[in-house]
Undergrad: 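There's a structure below that I have some questions on.
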Amino acid sequence: RLMADPEQTRRLTAKERVLAYLQVHGRASNVTLNDICFRYGARIMELRVDHQIDRIGGSKKGEFIYVYKGRRDNREPRLPF
């Protein structure tokens, strides 16, 4: 029986899921990110080391929109999937 490639079968980390969503959609609300990952704020802080992510006010009280503006060194990485 053949073994599956571990790189293809591993699950995405919460950080990779948040980054992938922001790269595909360009923006996300805190409500959406909370559905993706419970501690999305910590993942955003980790991603801000290498990526430009801005937070703007949302249309409702308590809602924030996170906008992805690319990598800090202007090299766009491959999506993790």
Undergrad: At what distance, to the nearest 0.5 angstrom, does OG1 of Thr32 lie from CD of Glu63?
TA: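 Between atom OG1 of Thr32 and atom CD of Glu63 there are 8.0 Å.
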Undergrad: In terms of relative ring orientation, are Tyr66 and Tyr40 parallel, tilted or perpendicular, with 30° and 60° separating the classes?
TA: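 Ring orientation of Tyr66 relative to Tyr40: perpendicular.
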Undergrad: With rounding to the nearest 0.5 angstrom, report the CZ to CZ distance, Arg48 to Arg43.
TA: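 Separation between the atoms: 13.5 Å.
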Undergrad: What are the two closest heavy atoms between Arg27 and Tyr21, and how far apart are they?
TA: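 Nearest pair, atom of Arg27 first, then Tyr21: O-CE2, 3.8 Å.
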Undergrad: How long is the gap from CD on Glu46 to CZ on Arg39, to the nearest 0.5 Å?
TA: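 Rounded to the nearest 0.5 Å, the CD-CZ separation comes to 8.5 Å.
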Undergrad: Taking all non-hydrogen atoms of both residues into account, name the closest pair between Gly57 and Ile65 and its distance.
TA: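 Heavy atoms of Gly57 and Ile65 come nearest at O-CG1, 4.2 Å.
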Undergrad: So which heavy atom on Arg11 is nearest to which on Glu16, and how close?
TA: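 Answer, listing the atom of Arg11 first, then Glu16: O-OE1, 4.4 Å.
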Undergrad: What is the distance from atom CZ of Arg71 to atom CG of Leu19, rounded to the nearest 0.5 Å?
TA: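 Spacing of CZ (Arg71) from CG (Leu19) equals 8.5 Å.
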Undergrad: Would you say the side chain of Lys69 lies within less than 4.5 Å of the side chain of Ile53, judging by non-hydrogen atoms?
TA: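 Result no, sub-4.5 Å side-chain heavy-atom pair not found.
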Undergrad: Quick check for you: to the nearest 0.5 Å, what is the distance between Tyr68 atom OH and Leu47 atom CG?
TA: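 Interatomic distance, Tyr68 OH to Leu47 CG, rounded to 0.5 Å: 8.5 Å.
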Undergrad: Would you give the length of the straight line joining atom CG of Leu22 to atom CD1 of Ile36, rounded to the nearest 0.5 angstrom?
TA: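 Leu22 CG to Ile36 CD1: 7.5 Å, rounded to 0.5 Å.
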